[in-house]
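Just the heavy atoms: all of them, side chains too, but no hydrogens, waters or symmetry mates, feed the values below. In this text the structure is predicted, and so the values were computed from the model without any measurement. Chain A is the first sequence line, chain B the second, and so forth, proteins listed ahead of strands; every chain is numbered from 1.
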Number of protein chains: 2
Amino acid sequence: MTKNRSGGGDPVRTLELLWRAAGTPEPPAGRRGPRQGLTVDAVVGAAVELADAEGLDALTMRALAQRLGVTPMTVYTYVPGKAELLDLMLDDAYGRMELTPFGPDEPWRDRVTRVARDNRALLVRHPWIPEMSVTRPPLGPGVIGKYEHELAAFEGIGLPDAERDTALTHLLGFVHSTARAAADAAELNSRQSDNDWWAEAGPLLARVIDAERYPLAGRVGEAAGAYNPDAVWAFGLQCVLEGLERWAERQADGAGRR
Amino acid sequence: MTKNRSGGGDPVRTLELLWRAAGTPEPPAGRRGPRQGLTVDAVVGAAVELADAEGLDALTMRALAQRLGVTPMTVYTYVPGKAELLDLMLDDAYGRMELTPFGPDEPWRDRVTRVARDNRALLVRHPWIPEMSVTRPPLGPGVIGKYEHELAAFEGIGLPDAERDTALTHLLGFVHSTARAAADAAELNSRQSDNDWWAEAGPLLARVIDAERYPLAGRVGEAAGAYNPDAVWAFGLQCVLEGLERWAERQADGAGRR
DNA sequence: CCACGACTCTGTACGACGTACAGAGTACAA
DNA sequence: TTGTACTCTGTACGTCGTACAGAGTCGTGG
């Protein structure tokens, strides 16, 4: 089974593919048999386009093959399986991010905010990424380049290396989480608008929910209204920045006392 | 398709099931046909047990039916489909949480921390929850009870209602996100230990990664080591608390100025 | 009292999925 | 020129959720 999980396939084979066998000890020399009609890049590109346009569920090996003008099994000539394909797609998407280097006098708050925003934009462009797991993805060129770039955003806060990784992981997890929630909410709405939902479910809920038993839920739920991704985003980013600042302060105190 | 998504089925039918048709205008009166051999609760309970023990992938309608001693299609007599079953499972799990009320003089930092911890424990007990989407789940008794209880944790910070919902959403999203990452990392490790992985992938990575091009990534990656869920957890919780405090301070300033 | 019909449970079957496998065709190497 | 490694294809298997038709079971209206 595929499980829409990054890192699902054989790690070494995946790595070779990710780096396109650059630096393999054995040079391929003359390959026998007919020339390949496609490339791994073409396959990955088509897969990304398909997933971008129609979602991860629509990305089936058959649909991908059709888009490539080829039979389903031919795809397996380029890619060992769907798990590895997903890894390649993720690294490809990461690799295409525009990683504008940080200026030396750019405040760290701005840098970290930019990292968050860039990642949010990435997940908007590729809505299938929040649908899959991306913890510790296979170390392809795109993944590593992105990691290197984003670590630089945390320069000058006074974070030790391990904590820097922790902070970045938390930040990306937060962006991922809100993007996923926003996508979920949008998909729910596309199937049935909030108004329709209330028209259908309202009477039953009113009959069944005891207002005296749930005073807070009723009041707050009404005030909050439909899921608001921007509000959660703003609050979460705020939290990360405050948390970092506190950490930096503690770090400075500790250094001063020493 | 199922999509392992809460809220996947027909909303009204799901709601009726969630509340077990309590307060339906038409009393069932005498039901014809043979008495049912199971109950919705039994089905949901077995499904939760199965998912707890063997993961969401192992929860198939056939496996569930077997566990219930019944043919696969019989399950559909109790539950319209798998999407609704997942909704019922989530509400059931939420409903079984021990929601110890907050003492009136319990500081809000302790209250919020407790909410986070309780949710973390829930996701450890039911590892299938982080695998599915839980944004705006169908409003069953368990979901609402949990929401009511957790909103109370944010009393006395000075947050307006809408912001209170935002803060709670963010907090739960963070807990969810770290639980998911931890589970993913654990599953990756179970398939291949970190040592094995380095033994296999190390040489290729060393050949392919230019240490001068990725100075930060190499250094920080090494310092961070394997994924450390506890570190990300601590940092994230810290961030939420700091963020809330700042918000409260701003709120107090605004009130004082007015 | 009895037959109708609503209801439960079952077996079979369909269409999707990822992909294993055997074969046909192709082009470089000996 | 022949062997062989390779590409591409068609068919097929096992999995999934679940539609559908039928058989059995019981409360109920005549």
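Checking the phosphate oxygens (OP1, OP2) of dG27(D), a side-chain nitrogen or oxygen of Arg35(B) falls inside 4.0 Å.
For DNA chain C, the neighbouring residues in residues 71-79 of chain A, judged by any heavy atom under 4.0 Å, are Met73(A), Tyr76(A). Sorted by residue number, the list of members of residues 44-55 of chain A with any non-hydrogen atom under 4.0 Å from DNA chain C is empty.
Among the protein residues, Leu85(A) comes within range of no part of the nucleic acid, since none of its heavy atoms lies under 4.0 Å from any strand.
Rounded to whole Å, the distance from CD on Gln66(A) to P on dG10(D) is 13 Å. Atom CG of Leu64(B) and atom P of dT18(D) are 12 Å apart (whole Å). Computed from coordinates, the Gln36(B) CD to dT25(D) P distance equals 16 Å when rounded to whole Å. Atom CG in Leu68(B) sits about 15 Å away from atom C1' in dT10(C), given to the nearest Å. Between Met61(A) atom CE and dG10(D) atom C1' there is a gap of 17 Å when expressed in whole angstrom units. Note: CD (Glu84(B)) to C1' (dT18(D)) measures 12 Å, nearest angstrom. If you take CZ of Arg62(B) and C1' of dG17(D), they are 7 Å apart, rounded to a whole angstrom. Here dG18(C) presents its C1' atom at 12 Å from CG of Leu86(A), a figure rounded to the nearest Å.
For Asp41(B), the salt bridge (charged side-chain N to carboxylate O under 4.0 Å, His left out) criterion is met by Arg20(B), not counting sequence neighbours.
Side-chain proximity of Arg32(A) to the nucleotides dT4(D), dT8(C), dT9(D) is greatest for dT4(D). Listed nucleotides dC26(D), dC17(C), dG17(D) differ in distance to Thr60(A); the shortest reach to its side chain belongs to dC17(C).
Atom CG of Asp184(A) and atom OH of Tyr227(A) lie 9.0 Å apart (nearest 0.5 Å).
Residues Arg120(A) and Asp230(A) are paired through a salt bridge, judged by an N-O separation under 4.0 Å between the basic side chain and the carboxylate. In this structure, Arg213(B) does not pair ionically with Glu148(A), as no charged nitrogen and carboxylate oxygen lie closer than 4.0 Å. Between Arg136(A) and Asp165(A) there is a salt bridge, with a side-chain nitrogen of the basic residue lying less than 4.0 Å from a carboxylate oxygen of the acidic one.
Residue-to-nucleotide proximity on DNA chain C shows that, of Pro34(B) and Val70(B), the 5′-proximal contact is made by Pro34(B).
Remark: side-chain polar atoms of Asp91(B) are paired, donor with acceptor, to backbone N or O of Val143(B) under 3.5 angstrom.
Counted by atom type alone, Thr74(A) and Thr77(A) present zero donor-acceptor pairs between their side chains at under 3.5 Å.
The two residues Leu86(B) and Met132(B) come nearest to each other via the heavy atoms O-CE, 3.9 Å.
Relative orientation of the Phe174(A) and His170(B) rings is perpendicular, given thresholds of 30° and 60° on the angle between their planes.
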